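Given the structure is predicted, the values throughout are model-derived calculations rather than measurements. Letters A, B, ... mirror the listed sequences (proteins, then strands); counts begin at 1.
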Amino acid sequence: MTTYEAGDVTLEQVREFVWEIPKSGGMNVPARILASESLLDEISEDKTLEQLRNSTYLPGVRKYALCMPDGHQGYGFPVGGVAGIDAENGCISPGAVGYDINCGVRMMRTNLTYDDVRGHEEELVDALFEAVPSGLGGGGVHEGTVDDVDAILSRGMDWALENGYAVRDDLEHCEDEGYRPEGNPDKVSEKARNRGKNQVGSLGSGNHFLEVQRVTDVFREDVAADFGLSEDQIVVLIHCGSRGLGHQVCTDYLRKIEQAHSGLLNQLPDRELAAAPAGSQLAEDYYEAMCAAINYAWVNRQLIMHRTREVFADVFDRDWEAMEMDLLYDVAHNIAKRETHTVDGEETDLFVHRKGATRAFPASHPEVPAAYRDVGQPIIIPGSMGAGSYVLRGGDRSLEETFGSTAHGAGRLMSRTQAKNEYWGEDVRDDLRDQQQVYVKAQSGATVAEEAPGVYKDVDEVVRVSDALGIGDKVAWTFPVCNIKG
DNA sequence: ATGTGC
């Protein structure tokens, strides 16, 4: 048997790209890592594998805990981690969802080609930067009241539709149609709601961005046609989350759960995995608050997309409808959801935790929107400013292998602090413009340094593993034209 | 990720 030694963890190879930490000690199930050896070399350098093994101590975790090929260390639970935990007898863990609840991406199509945009990059990037609020702190497309926030938390994208920020078609091209009915503002603290009221429609900072891209390659022509993608087409990618509101929800419930469920906490190897037992009041409260933050993040991305349509209409002097600026799809990267999966031959209700992982449902799954039911759901995987991004579709093996999940990005190679020592923002910006015709505009030079292409893993390799395992199949590759960020 | 924190 092929093994891989990583510190005190020994991995056994199950087959190509599939590695397992066998069950031992307090582990309830084994753990699986989906990676090539070169990705495994990177994954094993931080605490990812230890955190993944720790997560198998969570009560009610089924089958195996998983790490996607882009996995890296996170708070308690790896970014790139997936765990299906029994929704009747198990638990729910905020650390296995992440601080940025429903951090995610959406891609909007246009009928413009690269030739239409070339020569207008500076004008476009300036106009987008001016119109789309970004950076730390307040300021959003919709400057509202706490009542507005409560409506957003309850109704998600339905609120955006009612308030003229969306068309019906947008809702139909969004995971869960942009709405979790369980979202309950009463379970979200006043502090969180106040933090949210002046950030509705704002990018934030860090790795969040808005990017105009061109489709540079198509790998599956038939699927690409169903997704409305073709070579040289201009698309827009929006990556952001639930801002201060989601962060506050996570903080609030971690503290509450640590206090109320210290018994469970003491059974776990890491207190950052704090979890509320299924059926407890806090499990229900956290789920409803998390769903509310999920709704907030969808509205956030919708308002940014709405503003982007206005900017394009202004710059290109045409209606956005005439430019066919339609939402391709919106996927969540940091969520938990009650889903039914087959485990040991039985239909089982699970809290599927996906933290830095994308849902990847295959063709014919009832939760895939009608427009894509025949081909599988679109999966959007942002890479870096120098390596581009990918569109995949849910693969036939995903339900069996990964609770219907795949990777979510390239994954960091180095910390933000390390990145700022290695790179200087203005140099990164100048190199991207001069060498790759990518136009970047950011609130802070430090953010550009933190997001330099060199701080990321090889997104091609991440996608290659997903494709080879049949959990998410390569459809198209896109490359940046211009990018705005905090 | 984050009014960059225990």
Whole angstrom value for the distance that separates [atom2] of [N] from [atom1] of [X]:
{"X": "R243(A)", "N": "dT4(B)", "atom1": "CZ", "atom2": "C1'", "answer": "13 Å"}
{"X": "D252(A)", "N": "dT2(B)", "atom1": "CG", "atom2": "P", "answer": "16 Å"}
{"X": "Q418(A)", "N": "dT4(B)", "atom1": "CD", "atom2": "C1'", "answer": "18 Å"}
{"X": "L254(A)", "N": "dT2(B)", "atom1": "CG", "atom2": "P", "answer": "17 Å"}
{"X": "N194(A)", "N": "dT2(B)", "atom1": "CG", "atom2": "C1'", "answer": "17 Å"}
{"X": "H247(A)", "N": "dT4(B)", "atom1": "NE2", "atom2": "C1'", "answer": "9 Å"}
{"X": "H208(A)", "N": "dT4(B)", "atom1": "NE2", "atom2": "P", "answer": "16 Å"}
{"X": "R255(A)", "N": "dC6(B)", "atom1": "CZ", "atom2": "P", "answer": "9 Å"}

Pick base, sugar-phosphate or nothing for [X], based on heavy-atom distances below 4.0 Å to the nucleic acid.
{"X": "S205(A)", "result": "sugar-phosphate"}
{"X": "E450(A)", "result": "nothing"}
{"X": "G206(A)", "result": "sugar-phosphate"}
{"X": "K355(A)", "result": "nothing"}

Which residues pass the side-chain contact (heavy atoms from CB on, under 4.5 Å) test with K197(A), sequence neighbours left out?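 So K197(A) forms a side-chain contact (heavy atoms from CB on, under 4.5 Å) with V146(A), V149(A), N194(A).
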Modelled atom types, side-chain donor and acceptor of H306(A) and E310(A), under 3.5 Å: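 E310(A) and H306(A) do have a side-chain donor-acceptor pair below 3.5 Å.
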Using a strict threshold of under 4.0 Å (side-chain N to carboxylate O), is an ion pair present between K485(A) and E450(A)?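 Salt bridge: no.
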Name all residues meeting the ring pair (Phe, Tyr, Trp, His ring centres under 6.0 Å) criterion together with Y287(A); count only those two or more places apart in sequence or in a different chain, and write none if there are none.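 Checked Y287(A) against ring pair (Phe, Tyr, Trp, His ring centres under 6.0 Å); matches are F351(A).
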